[in-house]
Amino acid sequence: MQKKVKCEDSNECKKPKRTKGEIEEARQLKIKKKEEEEQSRWRWWEEEKYEDGVKWRFLEHSGPYFPPEYQPLPDNVHFYYDGKKVKLSLAAEEVALFFAQMLDHEYTTKKVFRENFFKDWRKEMTDAERSLIQDLGKCDFGEIHAMHKAKVEARKNMTKEEKQALKEANQKIVDEFGYCLLDHHRERIGNFKIEPPGLFRGRGEHPKQGMLKKRIQPEDIIINCSKEACIPVPPAGHRWKEVRHDNTVTWLVSWTENIQGSIKYIMLNANSKLKGEKDWEKYEVARKLKSCVDNIRSQYRSDLKSRQMSTRQRAVALYFIDKLALRAGNEKEEGETADTVGCCSLRVEHITLHEQMDGKEYVVEFDFLGKDSIRYYNKVPVIKKTSMLNKHLSSLMPGLTAKVFRTYNASITLQEQLKELTNKSDSVAEKLLSYNRANRAVAILCNHQRAPPKTFDQSMATLQSKIDARKEQLALAKSGLKQAKKEAKAKGSSEFKLQTLVERKKAAVKRCEEQLLKMEIQATDREENKQIALGTSKLNYLDPRISVAWCKNMGLPVDKIYNKSQRDKFAWAIDMTEVDFEF
DNA sequence: AGTGCTACTTAGCACCAGCGGC
DNA sequence: GCCGCTGGTGCTAAGTAGCACT
């Protein structure tokens, strides 16, 4: 059996999967599809903006997609209480399954999680069940758990055909529910599926972990669309909670979740006009800050010495927000969420002051949990109230709030770092390493962390062994070249065959060196990125025009730094940015 | 000025399709 | 042709901030 690679080289392949013509055809089709996509793309950034507050003029959609109904346990799967078989009511059984599914997770060993779960589970039980089942410790979910594991396994072992059928079914759902019509343009919806019921998993030490997240019914759903539009049809036998026609908001569907009582929304995809325009606007505000940031900085420096305590506090907060890119830190209701803080909600215990530390004077040591319970730890040498702070900021510049500083400092850092780190003469791999390093500087500033990938050590080791192998190969190639040169010299340079051999060997050495360099760069990049997440800043804080301009300057295609969905999201920037763009 | 509500952005993680290497 | 790995995607929690109301 010949290898596929060879197939493409020769036409004498015995069983070619696709002929050259077919391959070419497929390629053409791909190009055509891309062109069509480009053709049909709504170039909203070239259009006039709507009057203030108006988000759309026409909106039509199919409503939300509901998760499947609960399927009762088969007769051979049982739940046991205190060693005795118990047939649960449908409602209680469904919640039991939620817990059983998570049994491998350490969540289910936590006291808070178990207590919350048990309390909410009992609410779903019949009176008889409730009086019987009093102790979670006596519950045996073993068979249910095993059934769940078997199901997961079976799904993994599906045949190609089954997988294909599933994929097609999913595609059908996307086709029906995944798009809406907004002002004559078909737009992709971001999250058109209603969140399925289950047990709430907060982040960090969340006081509500384990509570039952209830199944959402059509009767809980508010639909938002045009008066003139076809109103989405609720599932048979059901009705919507409300249908409204509010074009000052961007959501299509909303409901209230039962854990925090907050509202959830169905909104458009990041590549839509509504999201893109807002994103663009965000970076424009941040750019404006550039022109007045010097003034603002000198003002808060002098405010540090103000006689008014509140002014001094404001100055300190602003200093942290600017210098450390801290989040604003809104007030939160105590006991409702994990105990996390931002700039204005920092408490005394989060800060230690040192007159001297690590050879530096006047060091502030920060140690607190921020958004998503991610630890912020930093030591900074230095020279409460959010709404007040934002009011002050907006008086300094229209549109200025605390979070604009994060956007501003992130974007300006990227721009400066790119300028500092990259040269036009660098290789592609080197340029990309520099780009990632610039991106990394921003991620560190913004404290965007990730858990080191589970397979990190292992995958580094494999990469290292590949590098070692390549090194050996290079040594071999080099000695081969030397040998060839020697022979060529001995036989005289007139020998044409030997000359080409030398050239060939030279090329092999060069290729080898390039590949080695590329892998070494990759290893460096990966190592430096072990605990850093680049995606968040790339997607939310870095003005894409900086990156697009940089690519143009460096002669790199944008798809080296942006994948498909990122290119979609930033289509406006890719289209409008010139080489000389300055943030 | 404080508060609650609403709307929207930002965030990390689980999962899996698809790709390259063998 | 298979298998392991990883980048991309989906999911949904957790933030920010404006506004209406008191």
Side-chain angles (χ1 to χ4, degrees), chain A residues 1 3-5 17 53 55 67 105 152 155-156 158 163-164 166-167 170 174 178 190-196 198 200-204 206 208-209 213 222 224 246 248-251 254 256-257 259-270 274-275 278-279 281-282 321 327-333 336-338 340-345 369-374 385-391 393-394 399-404 406-407 410 443 446-451 453-456 458-459 462-463 466 469 526 531-541 562-566:
Chain A
M1 187 69 189
K3 285 204 174 172
K4 200 182 159 195
V5 217
K17 274 208 169 149
K55 305 293 168 66
H105 203 288
V152 171
R155 242 162 63 85
K156 225 167 51 189
M158 275 190 306
K163 278 184 185 167
Q164 185 60 28
L166 196 65
K167 203 175 158 185
N170 281 332
V174 174
N191 58 321
F192 55 88
K193 289 180 176 167
I194 295 289
E195 294 172 17
F200 176 76
R201 316 152 75 126
R203 318 232 168 103
H206 203 295
K208 298 196 169 184
Q209 62 191 96
K213 179 168 144 171
I222 302 175
N224 191 32
D246 182 355
T248 67
V249 296
T250 66
W251 53 268
S254 75
T256 302
E257 55 89 27
I259 303 286
Q260 323 268 0
S262 66
I263 309 170
K264 300 257 183 170
Y265 302 93
I266 289 182
M267 291 180 187
L268 296 189
N269 185 278
L274 284 176
K275 294 289 184 191
K278 200 78 188 299
D279 208 34
E281 210 179 283
K282 172 181 78 184
I321 283 169
R327 294 188 188 86
N330 285 339
E331 290 91 319
K332 355 201 284 180
E333 221 173 321
E336 294 293 298
T337 59
T340 62
V341 295
C343 184
C344 296
S345 46
L369 297 180
K371 183 175 178 181
D372 296 307
S373 294
I374 296 291
K385 293 205 172 185
T386 337
S387 58
M388 256 177 60
L389 184 72
N390 276 340
K391 223 180 227 169
L393 289 175
S394 70
L400 186 60
T401 62
K403 85 188 192 95
V404 176
R406 260 168 95 81
T407 312
C446 292
N447 201 36
H448 291 143
Q449 301 186 33
R450 61 164 182 173
K454 281 176 193 123
T455 53
F456 185 85
Q458 198 195 336
S459 84
T462 358
L463 186 57
K466 272 185 200 164
R526 211 184 280 181
Q531 305 200 60
I532 316 260
L534 299 185
T536 303
S537 49
K538 204 177 200 176
L539 235 45
N540 301 304
Y541 289 104
Y562 287 145
N563 65 31
K564 176 80 173 75
S565 53
Q566 291 163 342

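Here is the naming used below: chain letters follow the sequence lines, and residue numbers restart at 1 for every chain.
With sequence neighbours left out, A:Lys213 forms a salt bridge (Lys or Arg N to Asp or Glu O under 4.0 Å) with A:Glu195. Under the ring pair (Phe, Tyr, Trp, His ring centres under 6.0 Å) criterion, A:Tyr541 pairs with A:His448, not counting sequence neighbours. Under the salt bridge (Lys or Arg N to Asp or Glu O under 4.0 Å) criterion, A:Arg201 pairs with no residue at all, not counting sequence neighbours. Remark: A:Lys564 pairs with A:Glu37, A:Arg567, A:Asp568 by the side chain to side chain contact (heavy atoms under 4.5 Å, CB included) rule, at least two apart or across chains. Residues that satisfy the side chain to side chain contact (heavy atoms under 4.5 Å, CB included) test with A:Ser254, not counting sequence neighbours, are A:Ile222, A:Trp251, A:Ile263, A:Tyr265. Among residues two or more places apart in sequence or in another chain, the side chain to side chain donor-acceptor pair (under 3.5 Å) test is passed with A:Asn447 by A:Gln449. For A:Thr401, the side chain to side chain donor-acceptor pair (under 3.5 Å) criterion is met by no residue, not counting sequence neighbours. Applying the salt bridge (Lys or Arg N to Asp or Glu O under 4.0 Å) rule to A:Lys208 yields the partners A:Glu336; only residues at least two apart in sequence or on another chain are considered. Under the rule for a side chain to side chain donor-acceptor pair (under 3.5 Å), the partners of A:Arg526 that lie at least two apart in sequence or sit in another chain are A:Ser459.
At a threshold of 4.5 Å between non-hydrogen side-chain atoms, the residues A:Arg406 and A:Cys446 count as touching. Using a 4.5 Å cut-off on side-chain heavy atoms (C-beta onward), A:Asp279 and A:Lys282 make contact. Side-chain contact between A:Lys275 and A:Asn269 is absent, with no heavy atoms from C-beta onward closer than 4.5 Å.
When the P atom of B:dG4 is taken as reference, atom CD of A:Glu331 falls 11 Å away, rounded to whole Å. One interatomic measurement links the two molecules: NZ of A:Lys391 to C1' of C:dT16, which rounds to 17 Å at whole-angstrom precision. When rounded to the nearest whole Å, the span between CD of A:Glu333 and P of C:dG15 equals 14 Å. For A:Ile259 and C:dA14, the CD1 to C1' distance is 14 Å, given to the nearest whole Å. Spacing between atom CD of A:Glu195 and atom P of C:dA13 amounts to 5 Å, rounded to whole angstrom units. The interatomic distance linking A:His206 (NE2) with C:dG15 (P) rounds to 8 Å, in whole Å. Computed from coordinates, the A:Asn170 CG to B:dC15 C1' distance equals 14 Å when rounded to whole Å. For the pair A:Phe456 CZ and C:dG4 P, the interatomic distance rounds to 21 Å; values are reported in whole Å.
No contact: A:Ser254 has no heavy atom under 4.0 Å from any strand. Within 4.0 Å of A:Lys208, counting heavy atoms only, lies no atom of the nucleic acid at all.
With distances taken from any side-chain atom of A:Lys332 to the nucleotides C:dA14, C:dG15, C:dG18, the minimum falls on C:dG15.
Taking only side-chain nitrogens and oxygens, A:Lys193 never comes nearer than 4.0 Å to OP1 or OP2 of C:dG10. For C:dA17, one of the phosphate oxygens OP1 or OP2 lies less than 4.0 angstrom from a side-chain nitrogen or oxygen of A:Asn390.
Comparing A:Glu257 and A:Gly342 along DNA chain C, the residue whose closest nucleotide (by nearest heavy atom) sits nearer the 5' end is A:Glu257. Across the interface with DNA chain C, nearest-nucleotide mapping of A:Val404 and A:Lys564 shows A:Lys564 to be the residue nearer the 5′ end.
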Using atom names, set out every protein N or O paired with an N or O of nucleotides 5-7 of chain C below 3.5 Å, distance rounded to 0.1 Å.
from: C:dC5; atom 1: OP1; to: A:Gln458; atom 2: NE2; distance (Å): 2.9
from: C:dT6; atom 1: OP1; to: A:Arg526; atom 2: NH1; distance (Å): 3.0

Pick out the pairs of N or O atoms, protein on one side and nucleotides 16-21 of chain B on the other, that lie under 3.5 Å.
from: B:dC16; atom 1: OP1; to: A:Arg155; atom 2: NH2; distance (Å): 2.9

Seminar exercise, completed: Going 5' to 3' through nucleotides 8-14 of chain B and flagging B where a protein heavy-atom sits under 4.0 Å of the base, S where only the sugar-phosphate is that close, and - otherwise, we get BSBSBSS

